[in-house]
Amino acid sequence: MDSGNFTGHSFRIGAATEIARLGVRDEVIKRIGRDLVLDPADITPTPATLWMSCIMADYEEDLFLRWLLSRHDEWQPTMLSNEPRRRRWVHPIVSQRCRKGHFHTLYMDLRQHPEKFHGFCRMSVSSFDRLLAALRPGLTYQDTNMRRCISPEERLIVTLRFLATGNSFASLHFEFLLGVSTISGIVRQTCEVIWLRLREAVMPEPKAEDWIRIAEGFHLDAQFPNCIGALDGKHIRVKKPPHSGSRYYNYKQYFSIVLLALADSTYKFIIVDIGAYGSTADARIFSSSRLSERL
């Protein structure tokens, strides 16, 4: 450590303030400020003597490090006292998930009654099984010595329940007896896995023959020739993001993001653009999209 790095004006002011607080006389501080040489006889013996010797007399690096460690020990209790202390590892209610949670009490029974399963998940048992088989590699996590991981079935059920009902994470917390932050992570991760693993199968990038087929479909079904898709936007209501101003505030007078979709004559989505500001018009979103660039 080069002691010459600590001879700046700001550093001297900070050092002078510190040693004045420790009781060093004013005339001694003035002399120190000029030549950075301190006579130990000028300082009343205190626990800070080591620090003074290190900074002002250019002692060895290890002395300076010792001072830093001693100050760290002084600061640490104060820092720890300001941090919230966790009262328990798992809340008693959440600890009963495997016995009283919706998934563990209803899942197997719902599979025995397909109509009830469809009402709960908004899809049939067979569709659920096919979807789970496609997503299982991305939803499988490893058990640890501390706890068992949440199964792919439960992760998918929680996500489908959120998407089907729009219930808040707090509401799902009391239904499935999972932490709110845990549910938030499950929904986000599962939706990402759905998009990454099913995008190419459900919504592949259209090729030239696909556009021709779509145009023929509009000509036959709607007598609308030379049409390659019906384009429209949908406002998805959201809570106002912090520090966003009026960018998400739409003409319907609520905050939203825009789902812009292109559909064929059978009402199937071909291309989607999701996430534009609610205040942005559909035409402007389309003009800045990749579809517009390629056209």
Side-chain angles (χ1 to χ4, degrees), residues 118-124 127-128 130-132 134-135 138-139 155-172 180 183-207 210-211 213-215 217-218 221-222 224 226-295:
H118 189 280
F120 190 80
C121 297
R122 305 296 175 87
M123 65 173 54
S124 65
S127 297
F128 177 84
R130 290 196 301 270
L131 179 61
L132 179 63
L135 303 180
L139 299 180
R155 288 176 176 272
L156 185 55
I157 287 287
V158 170
T159 303
L160 292 177
R161 191 65 179 162
F162 171 75
L163 297 176
T165 63
N167 288 350
S168 65
F169 293 154
S171 176
L172 295 173
V180 175
I183 293 176
S184 173
I186 287 174
V187 171
R188 184 178 295 106
Q189 294 164 5
T190 305
C191 288
E192 290 178 357
V193 172
I194 291 174
W195 174 251
L196 293 175
R197 291 190 172 269
L198 301 183
R199 175 179 56 183
E200 295 300 326
V202 176
M203 196 177 297
E205 184 175 350
K207 298 180 174 58
D210 296 323
W211 294 120
R213 175 181 53 80
I214 293 170
F218 274 102
D221 298 337
F224 204 122
N226 302 321
C227 178
I228 60 172
L231 183 70
D232 197 11
K234 170 67 176 178
H235 287 276
I236 309 298
R237 188 186 297 267
V238 298
K239 290 183 179 180
K240 180 182 181 296
H243 313 297
S244 61
S246 60
R247 287 177 293 182
Y248 291 90
Y249 197 72
N250 60 39
Y251 70 96
K252 298 182 179 181
Q253 300 184 357
Y254 61 84
F255 295 95
S256 67
I257 60 174
V258 179
L259 162 63
L260 189 71
L262 184 72
D264 61 14
S265 59
T266 61
Y267 313 109
K268 178 182 177 181
F269 282 1
I270 307 168
I271 294 176
V272 295
D273 186 287
I274 306 170
Y277 297 137
S279 60
T280 309
D282 291 348
R284 183 175 179 183
I285 298 173
F286 173 72
S287 63
S288 59
S289 66
R290 294 180 59 187
L291 175 61
S292 175
E293 295 175 358
R294 298 196 175 189
L295 290 177

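Side chains are part of it too, since the values below use all heavy atoms of this structure and drop only hydrogens, waters and symmetry mates. As the structure is a computational prediction, the values presented were derived from the model and not from experiment.
Checked by atom type and distance alone, the side chain of R284 never pairs as donor or acceptor with a backbone atom of A281 at under 3.5 Å. The backbone N or O of Y249 sits nowhere less than 3.5 Å from a side-chain atom of S246 that would complete a donor-acceptor pair. S244 places no side-chain N or O within 3.5 Å of a backbone atom of R247 that could act as its donor or acceptor partner. S292 places no side-chain N or O within donor-acceptor distance of the main-chain N or O of S288, the cut-off being under 3.5 Å.
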Between F120 and R161, is a side chain to side chain contact (heavy atoms under 4.5 Å, CB included) present by the stated rule, with each step listed?
CA-CA 7 Å; F120 190 80; R161 191 65 179 162; 3.8 Å; yes
What do the steps show when you test I183 against F162 for side chain to side chain contact (heavy atoms under 4.5 Å, CB included), and what is the final call?
CA-CA 9 Å; I183 293 176; F162 171 75; over 6 Å; no
How far apart are the C-alpha atoms of I214 and I270, what are their side-chain angles, what is the distance that settles it, and do they pass the side chain to side chain contact (heavy atoms under 4.5 Å, CB included) test?
CA-CA 10 Å; I214 293 170; I270 307 168; 3.3 Å; yes
Any chance you could lay out the side chain to side chain contact (heavy atoms under 4.5 Å, CB included) test for L231 and D282, step after step, and finish with the verdict?
CA-CA 9 Å; L231 183 70; D282 291 348; over 6 Å; no
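Summarising the local packing, NZ of K240 is surrounded by more than 12 heavy atoms from other residues, nucleotides or ligands at distances under 6.0 Å.
To the nearest 0.5 Å, atom OH of residue Y277 and atom CD1 of residue I257 are 11.5 Å apart. In this structure, CD1 in I194 is found 6.5 Å from CG in L163, a value given to the nearest 0.5 Å. Distance check: I285 CD1 to I274 CD1 gives 11.5 Å after rounding to the nearest 0.5 Å. Note: L156 CG to L135 CG = 6.0 Å, rounded to the nearest 0.5 Å. In this structure, D264 CG and I271 CD1 are separated by 11.5 Å, a value rounded to the nearest 0.5 Å.
Taking both residues in full, the closest heavy atoms of C227 and F218 are given as O-CD1, 3.5 Å, listed atom of the first, atom of the second, then distance. Residues V202 and K268 come closest through the heavy atom pair O-CE, 4.2 Å. Smallest separation of non-hydrogen atoms from M203 and V272: SD-CG2, 3.9 Å. Closest of all the heavy-atom pairs between C121 and I157 is SG-CD1, 3.4 Å. Listed here is the closest heavy atom pair of T159 and C191: CG2-SG, 4.1 Å. Taking every heavy atom of both residues into account, V258 and T280 meet most closely at CG2-O, 4.4 Å.
Applying side-chain contact (heavy atoms from CB on, under 4.5 Å) to T190 and the options V187, I186, V193 leaves one that passes, I186.
Residues S124 and S127 have side chains that bring a donor and an acceptor to within less than 3.5 angstrom of each other. Side-chain atoms of D273 and S289 include no donor-acceptor pair closer than 3.5 Å.
A perpendicular orientation is assigned to the rings of Y254 and H235, their planes being inclined by more than 60° (bins at 30° and 60°).
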